[in-house]
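These notes are about the structure you will find just below.
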Amino acid sequence: MENKSWKKFPVLFSLYIAQSVPMSFFSTVVPVIMRQENYSLEAIGLLQLVKIPWIIKFLWAPLVDRTSSKARHYKKWIILSELFYAVIIIGIGFLELQTDFRMIVILMVIAFIASATQDIATDAYAILILKRAERSIGNSMQSAGSFVGALLGTGVLLIAYYYFGWKTLLFLLALFVLFAVIPLMLYRKKGAQIPEKVKERISVADVYKFFRIKGMHKRVLILIFYYSGIIGILAMLKPYMVDLGYSVKQIGFMSGILGTSVAAISAFVSGYIIKTIGRRSSAFLFAFINLLAGLFFVFISTGTPGLPAMYAGICLVWGAYGLSTVVIYTTSMDIVRKGREGTDFTVQIVITHLSGMLIAVFSGKVGDMLGYTGLFTLEAGLALLSVFVLIYALPKKI
């Protein structure tokens with residue numbers, strides 16, 4: 001690796017933390033604060049709608065691509081989005097949940113639009129500055145940064161709220177977002193081989209054209225099913241622990257802190273595994289680990305699992321998730337069209353988000369009907385199905 005080549009990795013790591021921390025805070029910590037302020041569960045549930053920009057961000061991804069002919073153009077999008085993001089967070093800090101709830105929600109949606117735009121530009125920027133051999137490590141930085149950001153946003157900031165209060169915490173959060181952009185502003189990549197942009201005009205129609213690429217239906221199957229064997233387990237893990245008699249404090253540490261930490265470490269390790277044994281072998285290896293996680297939960301749920309078994313299960317399922325995200329991100333970068341890096345990568349990741357959301361929703365219904373053992377058995381079945389999907393859909397050479 002070149003002397004200065006490693007510098008791109010901490011840049012990417014800081015950018016993904018920057019977008020993940022505020023998002024985790026607004027989507028998980030704010031509902032806790034709202035409940036303490038005696039907001040209804042209905043109002044708290046509606047707050048989850050602020051995540052919609054991250055689901056529909058593919059609609060304006062072509063705009064980001066169309067206005068960016070070089071890596072530095074995506075860099076400008078990132079910096080402007082982050083600055084706007086920070087300003088909105090500061091604005092929210094001047095408002096009070098008790099009296100300005102509607103305005104806070106509106107500003108949160110705007111903040112999430114800025115965050116989603118930053119994500120589009122950051123993904124495209126990463127594709128352009130990373131050589132193919134570096135993408136596995138680059139995506140390990142992406143996944144690990146997101147997990148570390150979630151850990152900080154859900155755990156550390158909730159504690160900080162009790163010490164500093166709403167306004168000071170939001171100002172500190174905005175300051176953190178600005179600070180995280182500094183490595184990008186200082187980074188000067190020389191000699192980067194940036195692909196020539198396609199001259200034809202890019203539009204939302206390019207999203208549709210992406211699906212018309214020969215063999216793309218196979219890629220979509222992989223995106224839909226690859227996580228399917230662990231998403232339902234992750235969605236129902238906390239309710240399962242509640243029903244087993246674990247306290248909120250225990251659940252917060254075991255699943256929130258330990259689980260997320262294991263996912264971050266696994267994401268780091270995943271990049272090196274992919275670099276060592278290749279994309280195809282890694283995809284199958286991680287799919288089998290997903291299957292192992294499903295089977296493990298089937299086994300322990302047939303009785304009352306002890307504390308060591310729960311620790312092992314949590315580490316296994318979160319570790320599997322950390323490994324899987326990196327291989328999906330890395331292979332997604334490999335098949336983007338030149339000139340449409342942001343659009344094509346965004347479309348693929350949105351598919352995984354949507355399928356994961358549907359599985360998480362239905363996992364609750366399945367759990368009610370079949371119990372936890374039935375749910376975990378179904379998840380193990382989906383994990384096994386994902387292996388067969390890979391056999392059918394994964395190219396021989398990737």
Side-chain angles (χ1 to χ4, degrees), residues 8 11-12 15-16 18-19 23 51-88 109-132 134-135 138-139 142 177 181 184-185 187-217 219-220 223 328-354:
K8 66 185 71 172
V11 169
L12 294 175
L15 288 176
Y16 287 111
Q19 73 183 30
M23 186 169 65
K51 296 179 181 178
I52 287 178
W54 273 73
I55 300 297
I56 63 171
K57 62 183 178 178
F58 65 88
L59 293 175
W60 64 90
L63 172 64
V64 178
D65 279 333
R66 192 170 65 206
T67 56
S68 307
S69 60
K70 294 182 179 179
R72 70 171 184 268
H73 297 149
Y74 286 112
K75 186 175 178 178
K76 289 180 180 178
W77 270 104
I78 296 168
I79 294 172
L80 290 174
S81 296
E82 285 293 271
L83 290 175
F84 186 70
Y85 195 17
V87 169
I88 297 297
V109 171
I110 295 173
F112 272 52
I113 291 173
S115 175
T117 304
Q118 187 256 36
D119 185 61
I120 295 167
T122 302
D123 291 334
Y125 180 73
I127 291 170
L128 292 183
I129 68 169
L130 293 171
K131 297 176 183 177
R132 191 179 189 280
E134 297 172 331
R135 286 176 181 169
N139 281 291
Q142 172 180 357
V177 168
V181 183
L184 175 67
M185 298 176 73
Y187 180 64
R188 298 286 187 271
K189 180 173 176 60
K190 297 180 180 179
Q193 296 180 355
I194 301 172
E196 286 291 328
K197 303 299 281 189
V198 180
K199 300 301 181 182
E200 64 189 62
R201 193 170 180 80
I202 302 173
S203 68
V204 177
D206 278 283
V207 174
Y208 169 69
K209 292 176 182 177
F210 174 78
F211 291 103
R212 296 194 64 185
I213 298 173
K214 184 179 179 180
M216 193 52 64
H217 68 284
R219 178 63 184 173
V220 171
L223 295 171
I328 286 294
Y329 291 163
T330 302
T331 53
S332 294
M333 280 189 175
D334 290 340
I335 62 174
V336 298
R337 294 167 293 172
K338 290 183 179 181
R340 290 157 176 80
E341 291 83 6
T343 300
D344 291 356
F345 188 85
T346 297
V347 168
Q348 293 178 76
I349 302 309
V350 166
I351 291 172
T352 66
H353 289 333
L354 285 173

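Using a 4.0 Å cut-off between a side-chain N of Lys or Arg and a carboxylate O of Asp or Glu, D344 and R337 qualify as a salt bridge.
Residues A116 and P53 come closest through the heavy atom pair CB-O, 3.9 Å. When all heavy atoms of M23 and Q19 are compared, the closest pair comes out as CB-O, 3.5 Å. For the residue pair W54 and S115, the shortest heavy atom distance occurs at CZ2-OG, 3.2 Å.
Using a 4.5 Å heavy-atom threshold, the side chains of D123 and Y16 count as touching. Taking the side chain as every heavy atom from C-beta outward, L223 and R219 approach each other to under 4.5 Å. Counting heavy atoms from C-beta on, the side chains of Y85 and Q118 never come closer than 4.5 Å. Looking only at side-chain heavy atoms (C-beta outward), T331 and Q348 stay at 4.5 Å or farther from each other. The shortest distance between side-chain heavy atoms of W77 and L80 does not fall below 4.5 Å. F211 is not listed as a side-chain neighbour of H217, based on a closest heavy-atom distance of 4.5 Å or more. Proximity of M333 to N139: side-chain heavy atoms (C-beta onward) are separated by under 4.5 Å at one or more points. Inter-residue side-chain proximity for H73 and T67 is flagged as unmet; no heavy-atom pair is nearer than 4.5 Å.
We find the NZ-OG distance between K76 and S81 to be 13.5 Å, quoted to the nearest 0.5 Å. The distance from the CD1 atom of I335 to the CZ atom of F345 is 10.0 Å, given to the nearest 0.5 Å. The CZ atom of F58 sits 10.5 Å away from atom CD1 of I120, with the distance rounded to the nearest 0.5 Å. Put simply, NZ on K75 and CG on L15 are 10.0 Å apart, with the number rounded to the nearest 0.5 Å. How far OG1 of T330 is from CD of Q142: 8.5 Å, rounded to the nearest 0.5 Å.
Of the residues listed (V204, I113, T343, D65), the one engaging W60 in a side chain to side chain contact (heavy atoms under 4.5 Å, CB included) is I113, and it is the only one. With K57 as reference, D119 is the one residue of T117, T346, D119 to meet the side-chain hydrogen bond (donor to acceptor under 3.5 Å, both in side chains) rule.
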As a quick check of understanding, evaluate side-chain contact (heavy atoms from CB on, under 4.5 Å) for L130 and L12, giving each step before the final call. CA-CA 10 Å; L130 293 171; L12 294 175; 4.0 Å; yes
